[in-house]
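Taking it in order: structure first as structure tokens, then the write-up.
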Amino acid sequence: MARRPVWIAWLLLFCLAGCGGSAPVYRVHAEQIILAFGDSLTNGYGAVSGQSYPEQLVALTGWTVIKSAVNGETSAQGRDRLPEELRRTRPDVVLLCLGGNDFLRRLDATVTVENLRAMLQMIRAAGAQPILLAVPEPTLLALSDHELYAALAREEGVPLIADVVSNTLKKSAWRSDRFHPNAQGYAHMAQQVAAALGYRD
């Protein structure tokens with residue numbers, strides 16, 4: 001039997017990578033409680049009430065997702081707020097999406113990393129699974145995830161949901177402003193987060 005040309009094999013791999021064939025970073029079970037913790041990107045700034053990505057994640061999957069978000073929050077403020085939220089909600093999984101306001105305020109990235117690291121460790125100590133959502137560094141060039149998220153996820157051994165915010169903000173039809181999605185953008189985020197967490201229709 002003749003061998004298939006090498007380019008066909010590469011094409012198949014490309015399609016699997018680009019057409020939803022990538023494996024989930026973590027598989028959520030229907031009975032688990034998910035805490036979506038973050039700033040305006042989690043709160044749904046730029047869309048009407050009820051259209052944030054956590055709320056659209058509930059509508060899409062039927063999972064129990066608790067939104068805990070404060071517009072304009074920095075990683076230091078989130079670090080201070082997180083312990084009480086962990087006690088209040090007792091989650092099984094925590095989606096941590098913070099850092100964007102640190103970048104906008106040009107705060108020291110090493111401090112941002114240590115705040116995020118402390119939060120990941122708090123989440124683990126509370127018996128929950130932490131999952132990082134990467135956020136882009138605001139630049140005049142093409143948006144891409146800040147490199148600190150991939151490095152921190154490797155160091156702490158936690159799942160990382162990469163490129164979701166960055167890719168959403170690259171599409172003008174999905175943005176309410178330069179830094180925030182609109183309702184359609186948050187719907188896209190919810191779909192991508194659901195896929196990363198093992199959801200299937």
Side-chain angles (χ1 to χ4, degrees), residues 34-60 63 65-86 88-89 91 93-109 111-120 122-123 130-140 142-149 152-153 160-194 196-197:
I34 302 168
L35 173 63
F37 188 87
D39 54 25
S40 56
L41 289 171
T42 299
N43 206 28
Y45 184 91
V48 299
S49 177
Q51 295 299 308
S52 67
Y53 97 78
E55 290 162 309
Q56 298 206 53
L57 187 60
V58 172
L60 176 65
W63 294 338
V65 183
I66 301 169
K67 182 181 75 172
S68 177
V70 176
N71 293 340
E73 186 169 68
T74 64
S75 63
Q77 292 167 331
R79 180 177 180 173
D80 290 341
R81 187 170 64 87
L82 180 59
E84 177 57 31
E85 288 301 276
L86 292 172
R88 182 180 70 86
T89 62
V93 177
V94 180
L95 300 172
L96 180 61
C97 183
L98 276 170
N101 290 301
D102 294 42
F103 306 149
L104 288 172
R105 299 179 191 188
R106 301 187 181 279
L107 302 181
D108 187 342
V111 175
T112 302
V113 169
E114 290 314 307
N115 287 331
L116 292 171
R117 190 189 309 278
M119 285 186 274
L120 295 174
M122 286 179 200
I123 293 165
I131 299 175
L132 263 179
L133 268 74
V135 176
E137 183 175 12
T139 65
L140 295 176
L143 286 168
S144 60
D145 291 347
H146 195 295
E147 61 186 9
L148 69 80
Y149 292 96
L152 180 59
L160 174 69
I161 300 179
D163 300 320
V164 170
V165 178
S166 300
N167 288 343
T168 300
L169 293 177
K170 284 177 183 177
K171 189 166 182 177
S172 60
W174 290 348
R175 292 197 308 263
S176 63
D177 60 33
R178 183 181 168 195
F179 305 114
H180 300 94
N182 55 23
Q184 188 177 357
Y186 287 121
H188 175 75
M189 283 183 61
Q191 291 163 4
Q192 296 302 301
V193 169
L197 300 181

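Computation of the quantities below employed the complete heavy-atom set of this structure, encompassing side-chain atoms and omitting hydrogens, waters and symmetry-equivalent molecules. All values derive from a computational prediction rather than experimental measurement.
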**Message:** Going by salt bridge (charged side-chain N to carboxylate O under 4.0 Å, His left out), name the pairs with one or both residues in residues 37-53, residues two or more places apart or in two chains.
**Reply:** none
**Prompt:** Side chains of Pro54 and Val65: closer than 4.5 Å at any heavy-atom pair?
**Reply:** yes
**Asked** Quick one: CG on Leu96 to OH on Tyr149, what's the gap to the nearest 0.5 Å?
**Response** 8.0 Å
Identify every side-chain donor-acceptor pair in residues 160-167 under 3.5 Å, counting partners at least two apart or on other chains, and give the distances.
residue	atom	partner	partner atom	Å
Ser166	OG	Asp145	N	3.2
Ser166	OG	Asp145	OD1	2.6
Asn167	ND2	Asp163	O	3.2

**Message:** Around atom CZ of Arg106, are there more than 12 heavy atoms from other residues, nucleotides or ligands closer than 6.0 Å?
**Reply:** no
**Prompt:** At their closest point, which heavy atom of Pro136 faces which heavy atom of Leu169, and how far apart are they?
**Reply:** CG-CD1, 4.3 Å
**Message:** Suppose we screen for side-chain hydrogen bond (donor to acceptor under 3.5 Å, both in side chains). Which residues come up paired with Glu73, at least two apart in sequence or across chains?
**Reply:** Arg81
**Prompt:** Quick one: ring pair (Phe, Tyr, Trp, His ring centres under 6.0 Å) partners of Phe103, sequence neighbours excluded?
**Reply:** His146
**Prompt:** Excluding sequence neighbours, so at least two apart, what forms side chain to side chain contact (heavy atoms under 4.5 Å, CB included) with Thr89?
**Reply:** Leu35, Ile66, Pro91
Without placing hydrogens or testing angles, list every side-chain donor-acceptor pair under 3.5 Å for residues 40-47, not counting sequence neighbours.
residue	atom	partner	partner atom	Å
Ser40	OG	His180	NE2	2.8
Asn43	OD1	Lys67	NZ	3.4
Asn43	ND2	Asn71	OD1	3.1

**Prompt:** Would you say the side-chain atoms of Asp102 pair up with the backbone N or O of Ser75, donor to acceptor, closer than 3.5 Å?
**Reply:** yes
**Message:** Suppose we screen for salt bridge (Lys or Arg N to Asp or Glu O under 4.0 Å). Which residues come up paired with Glu114, at least two apart in sequence or across chains?
**Reply:** Arg117
**Results of side-chain hydrogen bond (donor to acceptor under 3.5 Å, both in side chains) for Gln77 - residues two or more places apart only** = Thr74
**Prompt:** So which of Leu95, Leu98, Leu133, Leu86 actually passes side-chain contact (heavy atoms from CB on, under 4.5 Å) with Phe37?
**Reply:** Leu98
**side-chain hydrogen bond (donor to acceptor under 3.5 Å, both in side chains) partners of Thr168, counting only residues at least two apart** = none
**Item:** Considering all heavy atoms, the nearest Ala183-Gln56 contact
**Value:** O-NE2, 3.0 Å
**Asked** side chain to side chain contact (heavy atoms under 4.5 Å, CB included) with Gln184: which residues, sequence neighbours excluded?
**Response** Trp174, Asn182
**Request:** Please list, chain by chain and in numerical order, all residues satisfying side-chain hydrogen bond (donor to acceptor under 3.5 Å, both in side chains) with Arg88, sequence neighbours excluded.
**Result:** Glu85
**Complete:** Residues Asn101 and Gly72: closest non-hydrogen pair is ND2-C, 3.2 Å
**Item:** Contacts of Arg79 that satisfy side chain to side chain contact (heavy atoms under 4.5 Å, CB included) - sequence neighbours left out
**Value:** Asn115, Ala118, Met119, Met122
